[in-house]
Amino acid sequence: MMISRIVAMCVAVFWWGSAFAADQQVDLKWSDLVPAEGHGTLLQIADNQDIVGELDIADFAGREDKFELIQQYLDRQRALQPGGSTINAELDGRDIKISRYAAPITIINGKLIDFLLVPFHGACIHYPPPPANQIIYVKNAEGMDLARSHLPIVVKGQLSAKPVATAIADVGYQMLDVTIEEYAK
C-alpha cells in the first residue's frame with residue numbers, strides 16, 4: 001500500500017513537471033496561475049512604479065469634470081481588488097496559451113493595444129478586479145479590433161511573472177508581443 005502511494009506521488013510530480021516543460025507551449029488554466037500554498041512569490045509593486053493606462057487630462061479636451069469622474073471610478077475599482085496575492089514564479093518565461101476576456105487599457109485608432117486578460121467577462125470594468133494572480137497584462141503592438149473585444153479570445157506568447165500596476169488593477173503577470181486568436185470551444 002505504501003509503495004503504491006509513493007509511485008502515485010512520483011507520477012504526479014513527474015506529470016506536473018513535464019506539463020510545464022520550458023520547451024513546449026503550455027495550455028494554461030486560470031487555476032495554474034495561483035501557486036500551491038506556501039510556494040508563491042508575494043506580489044510586490046514599488047510605490048514609484050509607473051502606472052500603465054494612467055489617465056491624462058489632455059485626453060479629455062479640457063473636460064476636467066469627466067476626467068475626475070472617470071478617475072474616481074477607477075480608484076474605486078482598484079480599492080475593491082483583493083490584496084495579498086502570490087504569483088506562480090515557476091511559470092516565468094514559459095510559452096503559454098490561455099483564453100478569456102480583454103479589459104481595455106489603451107485604444108488607438110479602433111485597436112486595442114494594451115489590455116488586461118481576465119478570467120470572466122466584465123472583470124475590472126463592470127465588476128471589481130479579481131486578485132492580481134488572476135490578471136495578465138497584455139501588450140500587442142498590432143492591436144485587436146475593439147469591436148470584437150467583448151468576445152472570448154485566446155492569447156499565445158511568453159508569460160512573465162512580473163507584476164505591473166495599471167489604472168484598473170494591480171496585475172501579477174505580463175505578456176508582450178502576443179498572438180491573439182478567436183476562442184473556439
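The structure presented is a predicted model; accordingly, all values stated were derived computationally and were not measured.
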### Task
Could you tell me whether Arg100 sits above the aromatic face of Phe120, with NZ or CZ closer than 6.0 angstrom to the six-membered ring centre and within 45 degrees of the axis?
no
### Within-4.5 Å side-chain heavy-atom neighbours: Pro82 and Pro130
no
### Residues in side chain to side chain donor-acceptor pair (under 3.5 Å) contact with Tyr173, at least two apart in sequence or another chain
none
### Query
Among all residues two or more places apart in sequence or in another chain, which pass the side chain to side chain contact (heavy atoms under 4.5 Å, CB included) test with Ala102?
Leu112, Phe115, Met144, Ile153
### Query
Any idea which heavy atoms bring Ala103 and Ala123 closest together, and the distance?
CB-O, 3.8 Å
### Query
If you look at every heavy atom in Pro163 and Gln44, which pair is closest and at what distance?
CG-O, 3.9 Å
### Task
Decide whether Leu74 and Phe60 are clustered together by the hydrophobic rule: side chain heavy atoms of Ile, Leu, Val, Met, Phe, Trp, Tyr closer than 4.5 Å, transitively.
yes
### Message
Are the side chains of Ile125 and Pro104 in contact, using a 4.5 Å heavy-atom criterion?
### Response
yes
### Message
Tell me if the CG atom of Asp56 is crowded by more than 12 foreign heavy atoms within 6.0 Å.
### Response
yes
### Spatial distance of atom CD1 (Ile108) from atom CG (Leu146) [nearest 0.5 Å]
12.0 Å
#### Entry: Candidates Val118, Leu116, Val164, Leu33 - the one meeting side-chain contact (heavy atoms from CB on, under 4.5 Å) with Ile136
Leu33
### Summary
Nearest heavy-atom approach of Pro119 to Gln134 is CD-O, 3.1 Å
### Message
With clusters defined by side-chain heavy atoms of hydrophobic residues (ILVMFWY) lying less than 4.5 Å apart, directly or transitively, does Val178 cluster with Trp30?
### Response
yes
### Task
Kindly determine whether Met175 and Lys139 satisfy side-chain contact (heavy atoms from CB on, under 4.5 Å), including the steps that lead there.
CA-CA 6 Å; Met175 292 178 77; Lys139 185 170 187 72; over 6 Å; no
### Task
State, yes or no, whether a side-chain contact exists between Asn88 and His39 at a heavy-atom distance under 4.5 Å.
no
#### Entry: Shared hydrophobic cluster, Ile180 / Ile107 (ILVMFWY, side-chain heavy atoms < 4.5 Å)
yes
### Query
Is it true that atom CG of Asp145 has more than 12 heavy atoms of other residues, nucleotides or ligands lying nearer than 6.0 Å?
yes
### Summary
Smallest heavy-atom separation, Gln49 atom then Ala165 atom, equals NE2-N, 3.5 Å
### Task
Using atom types as modelled and distance alone, determine if a side-chain donor or acceptor of Ser85 lies under 3.5 Å from a backbone N or O of Ala132.
yes
### Task
Not counting sequence neighbours, which residues clear side chain to side chain contact (heavy atoms under 4.5 Å, CB included) with Arg78? List them please.
Asp170
### Query
Partners of Tyr127 by ring pair (Phe, Tyr, Trp, His ring centres under 6.0 Å), sequence neighbours excluded?
none
### Contacts of type side chain to side chain contact (heavy atoms under 4.5 Å, CB included), residue Glu181, not counting sequence neighbours
Val154, Lys156, Thr179
### Message
Assess the residue pair Thr86 and Leu43 against the criterion (side-chain contact (heavy atoms from CB on, under 4.5 Å)); give the C-alpha distance rounded to whole Å, side-chain angles, the decisive distance to 0.1 Å, and a yes or no.
### Response
CA-CA 5 Å; Thr86 56; Leu43 179 98; over 6 Å; no
### Message
In the structure I gave you, are the side-chain heavy atoms of Asp75 and Gln72 within less than 4.5 Å of one another anywhere?
### Response
no
### Message
Looking at Asp95, is its backbone amide N or carbonyl O close enough to the side chain of Gln158 to form a donor-acceptor pair, meaning the two atoms are under 3.5 Å apart?
### Response
no
### Message
Does atom CG (Asn109) have a neighbourhood of more than 12 heavy atoms from anything else shown, all under 6.0 Å?
### Response
no
### Query
Given side chains that start at C-beta, do those of Leu69 and Lys66 come closer than 4.5 Å, heavy atoms only?
no
### Task
Nearest 0.5 Å please: distance from the CD1 atom of Ile57 over to the CD atom of Gln71.
10.0 Å
### Message
Salt bridge check, Arg148 against Glu182: does any charged N sit closer than 4.0 Å to a carboxylate O?
### Response
yes
### Message
Would you say Ile87 ends up clustered with Val26 if hydrophobic residues are merged whenever their side chains have heavy atoms under 4.5 Å apart, either directly or through other cluster members?
### Response
yes
### Task
May I have the step-by-step check of side-chain contact (heavy atoms from CB on, under 4.5 Å) for Leu151 and Tyr183, ending in yes or no?
CA-CA 8 Å; Leu151 300 171; Tyr183 178 80; over 6 Å; no
### Query
Same cluster for Val155 and Tyr101 if Ile/Leu/Val/Met/Phe/Trp/Tyr side chains link at under 4.5 Å?
no
#### Entry: Nearest atoms (heavy-atom pairs only) where Pro129 meets Ile168
CG-O, 3.8 Å
### Summary
Sequence neighbours excluded, the answer for side chain to side chain contact (heavy atoms under 4.5 Å, CB included) partners of Asp92 is Ser160, Ala161
### Message
Could you check whether any side-chain N or O of Asn133 sits under 3.5 Å from a backbone N or O of Gly172, counting only pairs where one atom can act as donor and the other as acceptor?
### Response
no
### Task
Carefully, step by step, assess Leu91 and Leu28 under the rule side-chain contact (heavy atoms from CB on, under 4.5 Å).
CA-CA 10 Å; Leu91 295 174; Leu28 278 186; 4.1 Å; yes
### Message
Return the CD to CD1 distance between Gln24 and Ile96, rounded to the nearest 0.5 Å.
### Response
13.5 Å
### Query
Is there a side-chain contact between Ile98 and Asp27, using heavy atoms and a 4.5 Å cut-off?
no
## Note on the structure
OG1 (Thr106) and CD1 (Ile113) are apart, to the nearest 0.5 Å, by 8.0 Å
